[in-house]
Trainee: 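Have a look at this one.
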Amino acid sequence: MPDDFIRKSQAEREAANMPDLAIAREELGWDAFRSWLDYLPGGRLNIAYEAVDRHVVHGHGEREALRWLSKNGDRRSFTFAELKRETDRFARMLADRGFGKGTRAYSLLGRVPELYIAALGTLKAGGVFCPLYSAFGPEPVRSRLEIGEGEVLLVSPRTYTKKVAPARKRLPHLQLVLLTPCADQTPEGTVDLAQALGETPAEFECVATDPQDMALLHFTSGTTGKPKGAVHVHEAVIAHNATGRIALDLHPEDIYWCTADPGWVTGTSYGIIAPLCAGATMVIEEAEFDAERWYGLLEREQVTVWYTAPTAIRLLMRAGAELAKEHDLSRLRFLASVGEPLNAEAVQWSARVFGKPFHDNWWQTETGGIMIANYASMDVKPGSMGKPLPGVEAEIMEVGEDALAPVEGVMQPGHLALRAGWPSMFRTYLGEQERYEKTFQDGWYLTGDLAMRDADGYFWFVGRADDVIKSAGHLIGPFEVESALVEHPAVAEAAVIGMPDERVGEVVKAYVTLHHGHEPSEELRKQLIAHARKKLGAAIAPRQIEISDDLPRTRSGKIMRRLLKARELGLPEGDTSTLESTA
Ligand code: ATP
Ligand code: MG
């Protein structure tokens, strides 16, 4: 484990919203974070009110809230006052049509302003919003609408015809289909969104929801199996707001870009709610990843806080440091990453190329918000996911038959558990209550991930419990092996799995992709095996290494080790609804 800190200066610490984690852990927690919000009379709480209306009430309506960059170079900008107006109008349009509290509204839109307005407007109307990734195929769309009993759907005319219309008869709950952009003709059973909004006044009083009312439905990424529908309530905004300020260090002056699609929890918690709560300006990029375009955006829009994912970072590394250096990225002040383990190599690369390290943070769809993070005021240990947020109690546990026990000693792997009861904790897996209950034991939520804690209290990701490899009595975490492989100059990405072995139980097999300028060869393969042995020792190093063009990953960019394993062993592939189509 690399132990070399990337140190923060005194000035950096002082400028951070949370200058000192140890002090904050004493002084802050969920009670304090509750008081950071306005609430509605009578202890009521609505995410959209806190994200949008509150700023208008406090006289900040003229500040830029949302800046949208379209695929073809158009841009649109909304102040908080304009966003309030348009979300009021959307809520009113739903309410006028009889879709009030509890309405399940889904979106299949790409990253267009209508999606953001619909999300916040639905919440204002007291409804439940469920964003789906627009590139899902017809069956994943149908099954998710069915599980969540979707009543309202926002969708483009093309997607509607291709993916929804054929299944419409089997979706009895679906009553209102809103199409955008405007089509030449609206198919039967659909409504033109612009027309519907055009007929509706922007007058609406935000529904005073209870903090425990259901607000969001998010499907997990499907990395380890069939996606689960995690339910979140309005008080999740306590965590979105607090973590946006503390873990992402968002200030109202920031220009912030979260690269995640709202179809994944990151793109909603941190691509809609947290930045708006902080009063920052959020940039929305409609187009998909392109290294040159991304650097251009960061430079042109003068982005100050950037939240992205390891896959994108690895792609940027693959594109080379020279490309980054062609752009003036001096406005960037805080870089954060989530979704997969971030290799130490990537953190060091960013420190070299951007002059600032990426700050890894850990959370899941189920946790609703960041739980463990590297903070602006805290020295970074490359490869570590940081320390728990004030208010969050995280523990490394040994899971026995009917009892949990904290793992003794430092850097000992165990199950990562969180003390249950934080506000953005999921409230059920929709339709799978039993499965939900099984994730809790003795007042702890078991995350399904394995981690370790070092002597300084930093947490280190080991692997998903499902992906851990057991070999000759050793427990091998895929992340450690993958991190060692990507330290080799030829290797861009790595994924490892356990292969059944009669003698030792399992042996490690690795799949790697190469950086540009490196060609697969037997010699390179041998070099990689030797490199891994040197770094990891023979017991842990992969016995086999396969050089691939690409790795199977979810649309949110997570490597699907279970597919590599199923393919290797000739087993059924299971649910592939979230698989990126190119892999
Ligand atoms: P599914 O639960 O359907 O298999 P998923 O777990 O990938 O999919 P998400 O909730 O989107 O769905 O992802 C959360 C998981 O992603 C975490 O449990 C963890 O395994 C991984 N993860 C997220 N952030 C980090 C991080 N910083 N370091 C390591 N792993 C991370
Ligand atoms: Mg999961």
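Just so you know, these numbers use all the heavy atoms, side chains as well, and skip hydrogens, waters and symmetry mates. Owing to the predicted nature of the structure, the values given are computational and were not obtained by experimental measurement.
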Trainee: Assess the pair Phe219 and Tyr133: is the distance between their ring centroids shorter than 6.0 Å?
Mentor: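 Here the rings of Tyr133 and Phe219 have centres that are no less than 6.0 Å from each other.
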Trainee: Could you check if a side-chain atom of Phe90 sits within less than 4.5 angstrom of a side-chain atom of Leu193, using non-hydrogen atoms only?
Mentor: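 Answer yes - side chains close enough.
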Trainee: Do the side chains of Asp4 and Lys381 get close enough for a salt bridge, i.e. N-O under 4.0 angstrom?
Mentor: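 Salt bridge: no.
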Trainee: Look at the side chain of Arg54 and the backbone N and O of Cys277, then say whether any donor-acceptor pair between them is shorter than 3.5 Å.
Mentor: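 Such a contact is found between Arg54 side chain and Cys277 backbone.
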Trainee: Would you mind listing every side chain to side chain donor-acceptor pair (under 3.5 Å) that reaches into residues 17-28, with sequence neighbours excluded?
Mentor: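 As it turns out, the side chain to side chain donor-acceptor pair (under 3.5 Å) pairs with a partner in residues 17-28, which skip direct neighbours, are Asn17-His251.
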Trainee: Cation-pi check for Phe5 against Arg7: NZ or CZ below 6.0 Å from the six-membered ring centre and within 45 degrees of the axis, yes or no?
Mentor: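 Arg7 over Phe5 ring: yes.
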Trainee: Taking the six-membered ring for Trp and the single ring otherwise, decide whether the centroids of Tyr116 and Trp68 are under 6.0 Å apart.
Mentor: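 Distance test on ring centres: not under 6.0 Å, no.
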Trainee: Under 6.0 Å between the ring centres of Trp349 and Phe358?
Mentor: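 For Trp349 and Phe358, the ring centres are not under 6.0 Å apart.
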Trainee: Just wondering, more than 12 heavy atoms not from Glu432 lying within 6.0 Å of its CD?
Mentor: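 For Glu432, atom CD is crowded (more than 12 foreign heavy atoms under 6.0 Å).
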Trainee: For residues 216-232, which residue pairs pass the side chain to side chain donor-acceptor pair (under 3.5 Å) check, not counting sequence neighbours?
Mentor: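 As it turns out, the side chain to side chain donor-acceptor pair (under 3.5 Å) pairs with a partner in residues 216-232, which skip direct neighbours, are Ser221-Ser556.
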Trainee: Taking the six-membered ring for Trp and the full ring for Phe, Tyr or His, determine whether the centres of Tyr270 and Trp257 are under 6.0 Å apart.
Mentor: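 No; Trp257 has its ring centre 6.0 Å or more from that of Tyr270.
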Trainee: State whether the number of non-hydrogen atoms from other residues, nucleotides or ligands found under 6.0 Å of Glu205 atom CD is greater than 12.
Mentor: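 Atom CD in Glu205 is not crowded, with 12 or fewer foreign heavy atoms closer than 6.0 Å.
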